[in-house]
There are 4 protein chains.
Amino acid sequence: MLNRVILVGRLTKDPELRYTPSGVAVANFTLAVNRTFSNQQGEREADFINCVVWRKPAENVANYLKKGSLAGVDGRIQTRSYDNNEGRRVFITEVVAESVQFLEPRGASQGQGNAYAGGGAPTGGNDYSRQNQQPDRQSGGFNDDPFANDGKPIDISDDDLPF
Amino acid sequence: MLNRVILVGRLTKDPELRYTPSGVAVANFTLAVNRTFSNQQGEREADFINCVVWRKPAENVANYLKKGSLAGVDGRIQTRSYDNNEGRRVFITEVVAESVQFLEPRGASQGQGNAYAGGGAPTGGNDYSRQNQQPDRQSGGFNDDPFANDGKPIDISDDDLPF
Amino acid sequence: MLNRVILVGRLTKDPELRYTPSGVAVANFTLAVNRTFSNQQGEREADFINCVVWRKPAENVANYLKKGSLAGVDGRIQTRSYDNNEGRRVFITEVVAESVQFLEPRGASQGQGNAYAGGGAPTGGNDYSRQNQQPDRQSGGFNDDPFANDGKPIDISDDDLPF
Amino acid sequence: MLNRVILVGRLTKDPELRYTPSGVAVANFTLAVNRTFSNQQGEREADFINCVVWRKPAENVANYLKKGSLAGVDGRIQTRSYDNNEGRRVFITEVVAESVQFLEPRGASQGQGNAYAGGGAPTGGNDYSRQNQQPDRQSGGFNDDPFANDGKPIDISDDDLPF
DNA sequence: TTTT
DNA sequence: TTTT
């Protein structure tokens, strides 16, 4: 059973980094991928694709990507469901990134490299001087959004980990 | 901006074939793609991925695939939203299949071939004797499901067509 | 830097399984992937794509696939070069399979499952009764072919291993 | 039969643009795709992958990409063979790009956009002011290389066109 | 024959 | 050197 997704697009917002109760890092972000064709009004639309990444690359994503960053994702489609606070079953389709590539060019602030789901920080002698950290990322407030983050460890059991 | 998805899995149900008011064929189906790893309970889960295919290959899909068929999809992820009957905005993430490959083996009932979004029936001398048509496919009844089909032409304007 | 290949096709011959001097399994096979379009003579041609797979999945490939088997490959393109016995530099472009999927259907002899480059035998309760082993696979004789196998451990240093 | 390749890498040289006798544009280029893992010497190697693109996107590639440009390719693997001038059969494995994406960032000289094999120039209001044309690209001289270009229309029959 |  |  093959399940492979490759995306190149731009982050719609800063990534959200959270930790499971047992301390595993998870980052969520959305990629805007411009379509290569125009609709009947002659406009180029975009797809907004939710992505998740786990562990070390989650932290790299949080450190090196921000709103507007160009990034590549190699991963797979995951579907899951949960019951929302109205007792309604919500179905989610998202991309689990196995690796994330930083495509901001040489001159840009981000540096360039790879976040690999297999673990380990980006290699290759790049100087990731962490100038892009977003220290303050809680979204706060009441929220129906399954991607929302209230600053506390999220209620994801390690059973949800895909490995 | 790259956006590419490749899937191999099995149809969870017979595909649903419909036509836009202007006569363009659309088929919807869901692929169950078994994961290649086990969860913490040692079970192999699956992802259930909604797919859409347009025009001639939609008709091929309806004719040659059915519940349980093994199929390959080459396409892209599409996101869209609509307001449901409670006035709530619903976000959809699905795969638009550009080509669908029929992977049922030689001995199986389906035949084997390719449905290409570019148009044209499967080629290659296969004898598609259409023994697998599902003539009666309306799901009927009240339904919140955006993929549901009441037998009438669906309310998709040609503006929704991605070409 | 993204590098991803997905193929579904049929083995042109039985796979060749060999071992490095330090005992790491490697299998080579060629996939015939029929094109989905016809040439100007109206014929459907095929691409013949050389694939390599390492370690446990190499052994799975050798055990469960044979000439004509339908298989899926998820991997990456690798290029390398070597000097042949005439002192000429030869450039090779091949696919390193990270996972190989066995697509022979339920009724077929092979069973069905996944060979994962990450290691581990196919899971999922399939009964791989190994009726398809090819115990005797040496190709023998003088040979210019880098994929040839004379039955002895091949002269691949572990330095060639991509991990 | 699935055959899909996605690459992101840098051009090793300026692309070579040629025309078939009947006037169809073809561009050849090589992408250096850095590997995401290190070898046993701790070095990051690269794969050098030959790509071909036809018609209008071939001209876009020639106009907007040059040595060092970051580009994405979505295409398929093609194998072919020809007899070289020593009467020896040479086998080629290369990537036929169906679309090429220009990933040089906003600030860079290239502009950004998409070259689509389906035809048509990059859309989206980008100002491609063509400041990057390479007017003088013949490689000249005697050459065994099937990618070489002597400035004359190349001897590719339209029969080689994959459509 | 290789790119940053 | 090619598979169904």
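Order of the sequence lines sets the chain letters (A, B, ...), proteins ahead of strands, with each chain counted from 1. Everything quoted here is computed from the prediction, not taken from an experiment.
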Whole-Å distance between E:dT4 P and D:Arg10 CZ? 7 Å

Verdict with reasoning, C:Asn50 to D:Phe91, per side chain to side chain contact (heavy atoms under 4.5 Å, CB included): CA-CA 11 Å; C:Asn50 293 323; D:Phe91 292 89; over 6 Å; no

What's the CG-P distance between C:Asn34 and F:dT2, to the nearest Å? 14 Å

For the side chain of C:Thr30, starting at C-beta, report the closest nucleotide among F:dT2, F:dT3, E:dT1. F:dT2

What's the closest nucleotide to the D:Arg89 side chain, out of E:dT1, F:dT1, F:dT3? F:dT1

Qualifying residues under side chain to side chain contact (heavy atoms under 4.5 Å, CB included), relative to D:Ala25, sequence neighbours excluded: D:Leu17, D:Tyr19, D:Ala58, D:Glu59

From the list F:dT1, E:dT3, E:dT1, which nucleotide is the closest neighbour of the side chain of C:Phe91? E:dT1

Return the value, rounded to whole Å, for the distance between atom CG of A:Leu103 and atom P of E:dT4. 16 Å

Rounded to the Å, how far apart are D:Ile77 CD1 and F:dT3 P? 19 Å

Please report the shortest heavy-atom distance between D:Val53 and D:Ala97, naming the atom on each side. CG2-O, 3.7 Å

In whole Å, I'd like the distance from the CG atom of C:Leu70 to the P atom of F:dT3. 15 Å

From NZ of C:Lys66 over to P of F:dT3, roughly how many Å is that when rounded to an integer? 15 Å

Roughly how many Å is it from NZ in D:Lys13 to C1' in E:dT1, rounded to a whole number? 6 Å

Choose from E:dT3, F:dT3, F:dT2 the nucleotide whose nearest atom is closest to any side-chain atom of D:Ala32. E:dT3

Among all residues two or more places apart in sequence or in another chain, which pass the side chain to side chain contact (heavy atoms under 4.5 Å, CB included) test with D:Thr79? C:Asp47, C:Phe48, C:Ile49, D:Thr93

If I take atom CD in residue C:Glu45 and atom C1' in nucleotide F:dT2, what distance separates them, rounded to the nearest angstrom? 13 Å

